[in-house]
Amino acid sequence: MHIVLLGPPGAGKGTQAKRLTEAYDFVHLSSGDLLRAECRAGTELGRRVAEFIDAGRLVPDQMIVEVVLARLKALKGASGFLLDGFPRTITQAESLDAALQGCGEKIDLVLKLAVPDEYLVDRIVGRRTCPTCQHVYHVRFHPPIREGICDRDGASLVQRTDDTREVVLERLVAYAAQTRPLVDYYRRRGILREVDGARDIEDVLSDLRRAVDDAR
Ligand code: AP5
């Protein structure tokens with residue numbers, strides 16, 4: 001099964017993607033994680049994308065399409081994938097469709113997490129991430145047992161450079177202008193399922209699982 005997880009910054013895409021891939025045999029592919037890994041590794045691509053990420057702007061389509069499609073190609077044979085953060089523009093969605101069509105495949109389900117803007121800023125500014133295992137916490141909504149320390153491996157938690165109030169507002173503008181049109185793009189095909197993401201993490205997960213089970 002090929003699934004796209006859609007939603008604004010801070011909607012809970014990464015949080016839910018990890019839980020869904022534990023529950024099903026999907027591969028989780030996060031475009032944001034891929035780009036941040038390039039930045040950490042100091043590659044040429046990482047240097048080129050860092051300024052876009054830190055400014056809260058989308059990376060140019062051509063760059064991200066190349067990276068994600070190469071990863072998808074390498075996944076050939078996997079029983080399914082869950083895309084988180086990609087596609088984010090109509091151009092990216094069309095490139096993805098064309099690539100899948102070339103192998104006789106398609107996107108089967110698009111899960112849209114609906115969360116009002118007023119929740120998103122608090123969620124993002126309070127997010128803390130483990131730099132080694134990438135587990136995601138929130139200082140209030142999902143705190144670690146020991147403040148600032150990852151429950152899983154004891155590393156000191158960090159804040160993403162684009163998780164400031166100022167940059168979040170830019171990311172929300174980019175979402176509204178460039179990514180929201182994808183909702184209609186997928187709705188027209190009858191594969192969009194919208195889930196209320198402004199609830200407890202486990203309640204949101206139950207609805208997402210129901211949507212996946214219905215589509216299987
Ligand atoms: P990316 O990493 O994809 O960021 P994003 O889409 O802005 O999403 P986030 O990671 O901020 O949020 P999320 O929805 O995953 O929320 P999370 O689960 O962590 O992209 C970063 C940048 O890379 C982009 O700005 C762009 O520059 C570039 N980029 C990436 N993909 C691109 C593409 N396709 N094209 C062009 N550029 C691209 O949750 C957030 C917080 O809330 C956490 O602390 C979590 O614990 C908490 N939380 C989660 N769910 C709940 C809940 N139900 N209740 C309370 N708290 C919750």
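Atoms within a ligand are numbered from 1 in the order they appear, just like the ligands themselves. Along the sequence shown, residues carry numbers from 1.
Here the closest heavy-atom approach between residue L182 and residue P87 is recorded as CD1-O, 3.3 Å.
The protein atom (non-hydrogen) at minimum distance from atom 8 (O) of ligand 1 is K13 NZ, 3.2 Å. Shortest contact from atom 19 (O) of ligand 1 to any protein heavy atom: R127 NH1, 2.5 Å. At the shortest separation from atom 12 (O) of ligand 1 among protein heavy atoms lies G10 N, 2.9 Å. Of the protein's heavy atoms, R88 NH2, 3.7 Å lies nearest to atom 24 (C) of ligand 1. Ranking protein heavy atoms by distance to atom 18 (O) of ligand 1, first place goes to T15 OG1, 2.5 Å. In terms of protein heavy-atom proximity, atom 48 (N) of ligand 1 is closest to R123 CD, 4.0 Å. In this structure, atom 29 (N) of ligand 1 lies nearest to the protein heavy atom L35 CD1, 3.5 Å. Nearest non-hydrogen protein atom to atom 35 (N) of ligand 1 is Q92 NE2, 2.9 Å.
Checked by distance only, ligand 1 and R160 come closer than 3.5 Å through their nitrogen or oxygen atoms.
A cation-pi arrangement is absent between R127 and F141 under the rule of less than 6.0 angstrom and at most 45 degrees off the ring axis.
Each of the atoms 26 (C), 27 (O) of ligand 1 lies under 4.0 Å from some heavy atom of R57. Counting atoms of ligand 1 from 1 in the listed order, those under 4.0 Å from a heavy atom of S31 are 30 (C), 31 (N), 32 (C), 34 (N). Atoms of ligand 1 found under 4.0 Å from any heavy atom of F141, numbered from 1 in the order shown, are 55 (C), 56 (N).
Residue R199 touches ligand 1 through its backbone alone, judged by heavy-atom distances below 4.0 Å.
Of the listed residues (D207, D213, D214), just one forms a salt bridge (Lys or Arg N to Asp or Glu O under 4.0 Å) with R210, and that residue is D207.
Judged as a side-chain hydrogen bond (donor to acceptor under 3.5 Å, both in side chains), the pairs with a partner in residues 41-52 (not counting sequence neighbours) are, in order, E38-T43.
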